[in-house]
Amino acid sequence: MRFDISAFIIAIALGVHASTAEGTYISSDSSAPVAHVPHPGHCSSDEFKHSDDLCYSKVFVPTHEFQKVIKGQVIPKGLHVKMSMATGEQMAKLR
């Protein structure tokens, strides 16, 4: 198995566990939010297919950095939400 440095860096940024075949390299609070990664193919019951043919979580999963909210996602209470008046795009993050 090839070590994927980009996944490792993303895991560091999100503060989650990063494991490879060689073992765990990062260990932190397991309650840290993990961003949902859009994927092609069949959507599970807690996902929906967007117009770009990718499956997204029905409920927005916040992190400490602003992320784009996909049209149709439910935004949980208590988040810092901003919207571009020019494009209408919404972004949200934890407070």
Side-chain angles (χ1 to χ4, degrees):
M1 173 182 254
R2 186 169 100 25
F3 180 73
D4 185 355
I5 190 68
S6 60
F8 185 71
I9 292 170
I10 291 169
I12 291 171
L14 294 176
V16 296
H17 297 286
S19 299
T20 67
E22 293 79 29
T24 300
Y25 287 90
I26 303 167
S27 182
S28 68
D29 182 11
S30 62
S31 65
V34 178
H36 177 78
V37 179
H39 62 87
H42 179 72
C43 299
S44 68
S45 62
D46 60 342
E47 298 174 321
F48 70 97
K49 191 164 291 254
H50 188 258
S51 61
D52 61 6
D53 265 353
L54 295 177
C55 295
Y56 292 87
S57 173
K58 288 181 181 177
V59 177
F60 178 79
V61 180
T63 63
H64 293 286
E65 300 296 323
F66 276 109
Q67 299 178 83
K68 182 178 178 182
V69 177
I70 303 301
K71 186 174 180 147
Q73 282 185 312
V74 175
I75 303 172
K77 285 183 176 181
L79 300 183
H80 181 169
V81 179
K82 65 182 182 179
M83 180 175 157
S84 167
M85 298 308 282
T87 64
E89 179 181 88
Q90 290 182 321
M91 299 192 73
K93 72 174 189 169
L94 295 169
R95 290 188 179 260

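Since the structure is predicted, the reported quantities are computational estimates derived from the model, not experimental observations. All residue numbers refer to positions in the sequence shown, counting from 1.
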Under a single-linkage rule joining Ile, Leu, Val, Met, Phe, Trp and Tyr whose side-chain heavy atoms are separated by less than 4.5 Å, which residues share a cluster with Tyr56?
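Result for Tyr56 is Phe48, Leu54, Ile70.
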Does Gln67 reach the main-chain N or O of Val61 with its side chain, forming a donor-acceptor pair under 3.5 Å?
yes
Taking Lys49 for its side chain and His42 for its backbone only, find out whether a donor-acceptor pair lies under 3.5 Å.
no
Just so I know, are the side chains of Val59 and Pro76 near enough to count as touching, which here means a heavy-atom distance under 4.5 Å?
yes
Ignoring hydrogens, what is the shortest heavy-atom contact between Cys55 and Gly41? Give both atom names and the distance.
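Here Cys55 and Gly41 meet closest at SG-O, 3.3 Å.
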Value rounded to 0.5 Å, distance of [atom1] in [X] from [atom2] in [Y]:
X: Lys82; Y: Lys93; atom1: NZ; atom2: NZ; answer: 8.0 Å
X: Ser44; Y: Lys58; atom1: OG; atom2: NZ; answer: 8.0 Å
X: Arg95; Y: Leu79; atom1: CZ; atom2: CG; answer: 8.0 Å

According to side-chain contact (heavy atoms from CB on, under 4.5 Å), who are the partners of [X], at least two apart in sequence or on a separate chain?
X: Ser84; value: Ala86, Thr87
X: Gln90; value: Val69, Ile75, Met83
X: Ser45; value: none

For residues 76-95, which residue pairs qualify under ring-ring contact (aromatic ring centres under 6.0 Å, His included), counting only residues two or more places apart or in two chains?
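For residues 76-95: Phe66-His80.
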In chain order, what residues pass the salt bridge (charged side-chain N to carboxylate O under 4.0 Å, His left out) check against Lys68, with sequence neighbours excluded?
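Glu89.
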